[in-house]
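Here's the structure we're looking at; comments come further down.
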2 protein chains.
Amino acid sequence: MDEGGTGSAEGPPGRGHRRIPEATVARLPLYLRCLLEVAESKTVTISSERLAEMAGVNAAKVRKDLSYLGSYGTRGVGYDVEYLLFQISRELGLTQDWPVVIVGIGNLGHALANYRGFGARGFRVVALVDADGSKVGEQIGELRVRHLEDLPAIAAEESVAIGVIATPAGAAQDVADRLVHAGVSSILNFAPALITVPEGVSLRKVDLSIELQILSFYQQRRAGVVAS
Amino acid sequence: MDEGGTGSAEGPPGRGHRRIPEATVARLPLYLRCLLEVAESKTVTISSERLAEMAGVNAAKVRKDLSYLGSYGTRGVGYDVEYLLFQISRELGLTQDWPVVIVGIGNLGHALANYRGFGARGFRVVALVDADGSKVGEQIGELRVRHLEDLPAIAAEESVAIGVIATPAGAAQDVADRLVHAGVSSILNFAPALITVPEGVSLRKVDLSIELQILSFYQQRRAGVVAS
DNA sequence: GCATGTGAATAGATTCACAGCG
DNA sequence: CGCTGTGAATCTATTCACATGC
């Protein structure tokens with residue numbers, strides 16, 4: 001899918017060594033999370049079956065997904081947890097860290113700015129930006145909110161790779177355009193608006209109201225089935 | 001995908017009149033949003049081509065998606081905007097309103113509690129809940145935060161249909177269990193944790209770090225291609 | 001023996017292309 | 001004629017089932 005999830009638009013295929021299916025890419029972070037948990041308990045190896053159980057997927061899927069990365073397992077034994085962790089991290093580009101800018105410092109922007117878990121794994125919020133002059137200068141954690149107009153300078157100084165849009169819907173496309181123009185080539189959009197970006201820019205979206213509406217669909221189905 | 005979430009786990013198929021593919025269900029909210037925008041400009045009909053362009057998908061996909069709902073278009077003309085709006089709303093269960101409870105009133109919970117857009121379309125936040133006694137009683141908008149222990153009573157009183165989990169990862173599974181136990185059968189999980197629910201409960205997730213990691217993958221690919 | 005890795009089979013989603021109808 | 005609705009073709013993803021190799 002999503003796609004998903006959530007589903008969402010994708011960047012171009014790129015051309016690394018192997019061609020990894022989109023659906024697999026979307027599951028790698030899931031495996032990563034499970035492996036981190038397993039690693040804490042000093043477990044040395046893990047079978048596809050166990051990993052599948054933890055991730056809530058089918059064991060064959062785990063094996064096929066991992067096989068796209070290479071033959072990192074040992075037949076009759078399983079996968080070395082630490083080694084697999086490293087390989088997945090590397091594949092996901094988490095061995096380097098990516099400077100992130102958050103645009104739109106309202107309720108959600110605040111929450112994102114304070115979110116621990118950026119730093120943990122390869123992402124570092126280097127700037128907070130808002131179009132509203134009255135918010136500029138506000139201190140949040142270690143950062144001070146800067147003006148949207150400064151985006152090109154900020155992006156260049158900090159080599160921003162990823163932009164997070166947390167503005168109202170109406171501003172989202174403009175902000176996306178500015179991000180792209182400033183050289184940011186990965187965008188995560190939280191605004192409830194459809195935005196478009198040029199080829200070569202990755203765009204993913206997180207949309208609360210869409211998720212709720214999908215839940216509503218299935219909720220209604222169940223209610224309907226019960227009633228009939 | 002997903003899924004999608006952006007990709008995410010689904011509820012059971014249910015058995016309404018028609019069997020609507022999951023991928024289609026995930027796009028209906030998108031069409032709905034586009035149609036709402038079009039409706040404001042007093043446009044009476046819309047072609048699949050135009051709608052596709054707005055939604056950023058292929059026209060054939062729009063037609064096929066809409067055909068699962070019924071034959072609501074007119075050949076040679078297009079779709080009546082108002083009529084289609086109504087049909088999609090009905091299909092998504094948005095003609096009734098769904099009481100929502102938000103569990104976990106930290107940064108994110110606050111942001112969600114203040115989010116306008118719940119009320120707009122069929123969702124109504126009826127309760128805010130937290131396990132931390134020091135947060136109980138805090139006033140947010142029109143609601144006062146209540147204790148997690150009161151969840152069963154709240155769910156029953158308010159006929160809560162949808163639970164939103166905005167707790168830290170460690171608490172997510174416990175909260176999910178409590179929600180299910182209290183009779184909530186749709187859950188939207190924002191916590192960066194894998195949770196499981198029984199058959200008959202829909203679960204979707206919104207996971208910032210997964211989305212960032214997916215972006216990181218494609219970002220790295222592009223960087224790699226440029227470098228080589 | 002046992003769990004991986006992978007071709008083959010199946011299922012699901014997208015796109016094509018055109019018949020059908022207003 | 002124009003645009004919908006939809007079978008057929010294609011592409012993508014999932015699952016099966018077993019040969020392979022530690």
Side-chain angles (χ1 to χ4, degrees), chain A residues 1-10 12-13 18-28 30-31 35 38 43-81 83-84 87-88 214, chain B residues 1-10 13 18-28 30-31 35 43-81 83-84 87-88 214:
Chain A
M1 190 188 10
D2 37 59
E3 3 119 194
T6 344
S8 310
E10 255 338 306
R18 295 164 241 266
R19 157 101 191 127
I20 301 184
E22 210 172 302
T24 294
V25 172
R27 278 188 299 267
L28 292 179
L30 212 66
Y31 301 148
L35 289 168
V38 163
T43 310
V44 175
T45 61
I46 188 168
S47 66
S48 60
E49 188 123 21
R50 176 86 183 90
L51 184 51
E53 190 195 333
M54 292 185 74
V57 301
N58 175 301
K61 198 184 280 183
V62 169
R63 292 199 297 278
K64 183 145 292 220
D65 284 342
L66 297 182
S67 77
Y68 291 117
L69 310 188
S71 289
Y72 296 146
T74 307
R75 289 161 202 249
V77 178
Y79 301 87
D80 181 276
V81 173
Y83 187 58
L84 193 53
Q87 291 299 344
I88 294 179
I214 296 171
Chain B
M1 117 226 154
D2 127 104
E3 352 41 78
T6 215
S8 308
E10 256 337 306
R18 295 163 241 264
R19 157 101 189 128
I20 301 184
E22 210 171 303
T24 294
V25 172
R27 279 189 298 268
L28 291 179
L30 211 67
Y31 301 148
L35 289 168
T43 310
V44 175
T45 61
I46 188 169
S47 66
S48 60
E49 188 123 19
R50 176 86 183 90
L51 184 50
E53 190 197 331
M54 293 185 73
V57 301
N58 174 302
K61 198 186 278 183
V62 169
R63 292 199 297 277
K64 184 146 289 222
D65 284 343
L66 296 182
S67 78
Y68 291 117
L69 310 187
S71 290
Y72 297 146
T74 307
R75 287 160 203 247
V77 178
Y79 301 88
D80 181 276
V81 174
Y83 187 57
L84 192 54
Q87 292 299 345
I88 294 179
I214 295 170

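Per chain, numbering begins at 1; letters A, B, ... match sequence-line order. Note that this is a predicted model, so its numbers are computed, not measured.
- Per the geometry, CD1 belonging to B/Ile20 stands 16 Å off P belonging to C/dG12, to the nearest Å.
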What string of B, S and - do you get for nucleotides 16-22 of chain C, 5' to 3', if B is base contact, S is sugar-phosphate-only contact and - is no contact with any protein heavy atom under 4.0 Å?
BB--BBS
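- Atom NZ of A/Lys61 and atom P of C/dA11 are 15 Å apart (whole Å).
- The CG-P distance, from B/Leu28 to C/dA13, rounds to 13 Å in whole Å.
- Comparing the end axes of the helix from C/dG1-D/dC22 to C/dG22-D/dC1, each fitted to five base pairs by superposing C1' atoms of four pairs onto the next four, gives an inter-axis angle of 0° (nearest 10 degrees).
- Atom CG of B/Leu51 and atom P of D/dC3 are 14 Å apart (whole Å).
- Computed from coordinates, the A/Leu69 CG to C/dT4 P distance equals 14 Å when rounded to whole Å.
- Looking at residues two or more places apart in sequence or on another chain, you find no side chain to side chain donor-acceptor pair (under 3.5 Å) involving B/Thr74.
- With sequence neighbours left out, A/Tyr68 forms a side chain to side chain donor-acceptor pair (under 3.5 Å) with no residue at all.
- Residue B/Arg27 places at least one side-chain N or O under 4.0 Å from the OP1 or OP2 atom of C/dT14.
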Output side-chain donor-acceptor pairs under 3.5 Å for residues 44-54 of chain A, partner residues at least two apart or in another chain, one line each.
unit_1	atom_1	unit_2	atom_2	d
A/Ser47	OG	A/Arg50	N	3.1
A/Ser48	OG	A/Arg63	NH1	3.1

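- Interatomic distance, A/Arg27 CZ to A/Leu66 CG, rounded to the nearest 0.5 Å: 10.0 Å.
- In this structure, CG of A/Asp65 is placed 7 Å from P of D/dT14, rounded to the nearest angstrom.
- Look at B/Ser47 and you won't find any side-chain N or O under 4.0 angstrom from OP1 or OP2 of D/dC3.
- Listed by chain and number, the residues in a side-chain contact (heavy atoms from CB on, under 4.5 Å) with A/Ser67 are A/Lys64 (sequence neighbours excluded).
- For D/dC3, neither phosphate oxygen OP1 nor OP2 lies less than 4.0 angstrom from any side-chain nitrogen or oxygen of B/Tyr72.
- From A/Thr43, atom OG1 reaches atom CG of A/Asp80 across 11.0 Å, with rounding to the nearest 0.5 Å.
- Within the model, atoms CG of B/Leu69 and CG of B/Leu84 stand 7.5 Å from one another, a figure rounded to the nearest 0.5 Å.
- Distance check: B/Asp65 CG to B/Tyr31 OH gives 3.5 Å after rounding to the nearest 0.5 Å.
- Residue A/Tyr68 has no polar side-chain atom (N or O) positioned under 4.0 Å from OP1 or OP2 of D/dT12.
- In this structure, the CD atom of B/Glu22 is 16 Å from the P atom of C/dA11, given to the nearest Å.
- Annotation for B/Tyr72 and B/Tyr83: closest pair CD2-CE2, 3.7 Å, computed over non-hydrogen atoms.
- The interatomic distance linking A/Tyr79 (OH) with D/dG21 (P) rounds to 16 Å, in whole Å.
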